Amino acid sequence: MITCILLVLLAVLMFLGALGVKGVTLAQDILHLLVAIVLAIYMVFTLFPMLARRRGVVQIFVGVEIALLILTIIGLVCAQVNVPFFSALQVCSVVGLAIWLRGAVEIIHAYRLQGSTAQKKVPLWALCLYILVCAFGVWQMASPSIPDKYFLFVIGAISGVMAAIFGYATAQNRRTGSAKRQEKKKKKVAKKQEQTTAVVPAESNDKK
C-alpha cells in the first residue's frame, strides 16, 4: 500500500511537471536524477567491463568516455541546485552525448582493427552503423528532438500503471488475509465445540 501511494504521488508530480504547472520543479529534478541513475547503471554493467577487456588506444578512449559520462552525471546532480549551465540540460541531449561517445569509440576500435594484423575485422555494415549512430548522437546534442515533458508523461504513465498493479495486489492480499482469518476463527470455534461436547457426556456419566 505504501508503494502504491508513493507511485501515485510520483505520477501526479510527473503529470503536473509535464503540463507546465507553475512552481512544480520537482518533476524535472526527479527526471534528471533518474537519468543520472540510468547512466551510472550503464557505465557499471557495460563500460567498466569493456574497459577491462579492451587494450591499447581503445582502452584509453573508453576511459575518456567513462570520464565524460561521470562529468555528465555530476552535471545532472548539480542541476538540482540550479547551477546555471547544468540546469539547462535536457534528457535528449544527455542521451545524444552517450550515443555519440559510444559510436565514436566503436569507430576508433574498428579503425584500429583494420590497421592491425588481427584476423577479426569489423564488417563494413557495422562501420556504417557506428557512423550513423555517431551522427544521430551529434544531432540530438545539437537539436534535441524530444522535449523533456514527453519523458515526464512516460514516467507518469508508467508510475500510474505500476500504482494500479500494486493497488490490485494489495486488495487481493487483504481479501486472502481476511479469508484466512475467517477460516482460523471457524476452526477455533469448531475445536471449542468439539471440546465442549466431549466434556459434557463425561460429567453426566460421573453423576450417574
Side-chain angles (χ1 to χ4, degrees), residues 6 10-11 13-18 20-21 23-116 122 126-159:
L6 291 175
L10 179 62
L13 279 175
M14 292 296 108
F15 283 124
L16 290 177
V21 178
V24 182
T25 59
L26 187 59
Q28 194 73 22
D29 295 338
I30 293 174
L31 179 62
H32 284 164
L33 289 177
L34 288 175
V35 174
I37 292 171
V38 170
L39 283 179
I41 294 173
Y42 165 68
M43 284 194 305
V44 170
F45 290 100
T46 302
L47 296 183
F48 281 114
M50 192 178 297
L51 182 66
R53 292 195 307 267
R54 299 288 173 84
R55 293 292 181 268
V57 177
V58 179
Q59 187 180 36
I60 296 173
F61 277 98
V62 174
V64 173
E65 180 182 3
I66 292 173
L68 290 176
L69 289 180
I70 289 174
L71 291 176
T72 305
I73 292 173
I74 294 172
L76 290 170
V77 175
C78 291
Q80 316 308 311
V81 293
N82 295 324
V83 177
F85 176 74
F86 296 113
S87 59
L89 282 174
Q90 295 186 22
V91 173
C92 227
S93 299
V94 174
V95 174
L97 174 63
I99 292 174
W100 169 66
L101 288 172
R102 186 89 294 274
V105 172
E106 289 301 326
I107 289 172
I108 294 170
H109 179 57
Y111 174 76
R112 297 289 299 177
L113 286 178
Q114 289 297 119
S116 64
V122 176
L127 181 60
C128 294
L129 179 63
Y130 297 149
I131 294 172
L132 289 175
V133 167
C134 191
F136 177 77
V138 173
W139 170 44
Q140 291 303 311
M141 281 193 299
S143 178
S145 59
I146 305 175
D148 286 353
K149 66 178 182 179
Y150 293 112
F151 289 100
L152 295 176
F153 274 123
V154 171
I155 296 173
I158 293 173
S159 300

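As the structure is a prediction and not an experimental result, all values here were calculated from the model.
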Atom CD1 of Ile155 and atom CG of Leu31: how far apart are they, to the nearest 0.5 Å? 4.5 Å
Which value, rounded to the nearest 0.5 Å, describes the distance between Met50 atom CE and Ile66 atom CD1? 9.0 Å
Partners of Leu10 by side-chain contact (heavy atoms from CB on, under 4.5 Å), sequence neighbours excluded? Met14, Ile30, Ser159
Taking all non-hydrogen atoms of both residues into account, name the closest pair between Ile146 and Tyr150 and its distance. CG2-CB, 3.9 Å
Can you give the donor-acceptor pairs under 3.5 Å from side chains of residues 90-105 to other protein atoms, not counting sequence neighbours?
from	atom 1	to	atom 2	distance (Å)
Arg102	NE	Glu65	OE2	3.1
Arg102	NH1	Glu106	OE2	2.4
Arg102	NH2	Glu65	OE1	2.8

Would you give me the side-chain donor-acceptor pairs under 3.5 Å for residues 55-63, sequence neighbours excluded?
from	atom 1	to	atom 2	distance (Å)
Arg55	NH1	Ala52	O	2.6
Arg55	NH2	Ala52	O	3.3
Gln59	NE2	Leu51	O	2.9
Gln59	NE2	Arg54	O	3.3

State, yes or no, whether a side-chain contact exists between Val38 and Leu34 at a heavy-atom distance under 4.5 Å. no
Show me the donor-acceptor pairs within less than 3.5 Å that the side chains of residues 126-141 make with the rest of the protein, sequence neighbours left out.
from	atom 1	to	atom 2	distance (Å)
Gln140	OE1	Ser145	N	3.2
Gln140	OE1	Ser145	OG	3.0
Gln140	NE2	Ser145	OG	3.2

Under the salt bridge (Lys or Arg N to Asp or Glu O under 4.0 Å) definition, can you give me all pairs with a residue in residues 43-53, not counting sequence neighbours? none
